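Here the structure comes first, spelled out in structure tokens, and everything after it is commentary.
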Amino acid sequence: MSLFSAIVPCYNEQENVSDIYDEILKNQSYFEEKNIEVEILYVDDGSSDQTVNMVKELTKKDSRVHLLSFSRNFGKEAAIYAGLCEAKGDYVAVMDADLQDPPSLLPKMFDAIFEEGYDSCATRRVSRKGEPPIRSFFARKFYKLMRKISKTEIMDGARDYRLMTRQMVDAIVSVREYNRFSKGIFGWVGYKTKWLEFENVERRKGETKWSFWSLVMYSFEGIMAFSTVPLSIASFCGFFFCIVAFIALIFVIIRALIFGDPVSGWPSLVSIIIFIGGIQLLCLGILGKYLSKVYLEVKNRPIYIVKERI
Ligand code: UDP
Ligand code: MG
């Protein structure tokens, strides 16, 4: 017998709690055939609706259901990490409560590990139908940029939904950084991964928890966690403007020697000062961003705080 843990991060998902339970257990015959026991671990990320009570109902009905409830909203990344820390399974999968990560893919994912010898089977959506076009556009650009500036490969449309072996889960749990970007960490720990593709599924019930702005901030998080290219850009700007300044200096000296020193060029001087000032502030900002990440990292606060455990 091997144990499979499904981790379901939930933030105000009262409508979806029982649906995802049903959908996961629709694979029951497959699980029985392969001798797999199932546990479903709901990680309540400080929901303010009935999510916790709904899960409690399920735990009473079915001993395979577990609940981990946070003291407040810590974010999906924290919920994923908590789930991975607490899951006992030999195989572990993270899946969204809203059924955008189809549980019907599980048999295929298990087959990739059992039959094809992979350590993990990840999923990516190849379409983004049903999503606002502007969101898709920036998401695509983000993945493209990420692939260029980071050594860790992050697939376009990659989901957090993936099935992993115990060995890989332990590796991920050992990555204890505070500013977490799971998609990057999954790739960073290595291991042989098979990618399954699927057409985007729209959220079954409720609403997305991510505004456009929170996604933009999340993408910065990802870039800073997995690339130091912005810092190199800052140094490059400094280097570039040193050279420009040097050339300008020579030009000014020669002009003064030939034409004397008439007072002119005030507008250009002001433009240059403002421009360089802007670049300096930008570079300082980039530096500050990384510094703030380091600050949060050295504080070494726990990634999540548990209020209740069933
Ligand atoms: N989620 C969470 N904490 C948060 C935000 C979201 O645990 O602060 C969970 C949410 O309940 C869902 C999953 O993360 O199970 C994905 O969230 P959502 O569907 O809102 O994101 P989207 O699919 O729109 O990117
Ligand atoms: Mg969703």
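One-based numbering, in listed order, for ligands and for the atoms of each. Both backbone and side-chain heavy atoms feed into the values below; hydrogens, waters and symmetry mates do not. Here the structure is a predicted model, which means the values were calculated and not measured. Heads up: numbering here begins at 1 and tracks the sequence.
At under 3.5 Å, a nitrogen or oxygen of A97, whether backbone or side chain, sits near a nitrogen or oxygen of ligand 1. The shortest N or O to N or O distance between N73 and ligand 1 is below 3.5 Å. Looking at Q100 next to ligand 1, an N or O pair under 3.5 Å apart turns up.
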Task: Criterion side chain to side chain donor-acceptor pair (under 3.5 Å) on S182 and E77, from CA distance to verdict - done: CA-CA 7 Å; S182 288; E77 288 294 339; 2.5 Å; yes

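Counting protein heavy atoms only, atom 3 (N) of ligand 1 is closest to D45 OD2, 2.6 Å. Ranking the protein heavy atoms by distance from atom 11 (O) of ligand 1 puts E13 OE2, 2.6 Å first. Nearest non-hydrogen protein atom to atom 17 (O) of ligand 1 is W210 NE1, 3.7 Å. Scanning the protein for heavy atoms near atom 14 (O) of ligand 1, the closest one is K76 CD, 3.2 Å. In terms of protein heavy-atom proximity, atom 18 (P) of ligand 1 is nearest to R203 NH2, 3.4 Å. Scanning the protein heavy atoms around atom 6 (C) of ligand 1, the nearest turns out to be K209 CG, 3.7 Å. Nearest protein neighbour of atom 16 (C) of ligand 1, counting heavy atoms only, is D96 OD2, 3.2 Å. If you check which protein heavy atom lies closest to atom 24 (O) of ligand 1, you get T208 OG1, 2.5 Å.
Among E207, R204, R135, the residue whose heavy atom sits closest to atom 25 (O) of ligand 1 is R135.
Salt bridge annotation for D96-K76: present, with a cationic side-chain nitrogen under 4.0 angstrom from a carboxylate oxygen.
Atom NZ of K34 is surrounded by more than 12 heavy atoms from other residues, nucleotides or ligands within 6.0 Å. Counting non-hydrogen atoms of neighbouring residues, nucleotides and ligands closer than 6.0 angstrom, the OH atom of Y290 exceeds 12 such neighbours.
Of all the heavy atoms of P9, the ones lying under 4.0 Å from any atom of ligand 1 are found in both the backbone and the side chain.
For the pair OE1 of Q100 and OD2 of D98, the angle at the Mg ion (ligand 2) is about 100°; rounding is to 10 degrees.
Close approach to D98 involves these atoms of ligand 1, each under 4.0 Å from a residue heavy atom: 19 (O), 23 (O).
Ring planes of W210 and Y218: tilted class, angle from 30 to 60°. F236 and F240 have parallel rings, their planes meeting at less than 30° on a 0 to 90° scale where 60° marks the start of perpendicular. In this pair, Y30 and F110 present their aromatic rings tilted. The plane angle is within the 30 to 60° band.
Side chains of S120 and R162: a donor on one and an acceptor on the other come within 3.5 Å. Residues E13 and T51 bring no donor and acceptor atom of their side chains to less than 3.5 Å of each other.
Y161 contributes no side-chain N or O that, together with a main-chain N or O of A122, makes up a donor-acceptor pair within less than 3.5 Å.
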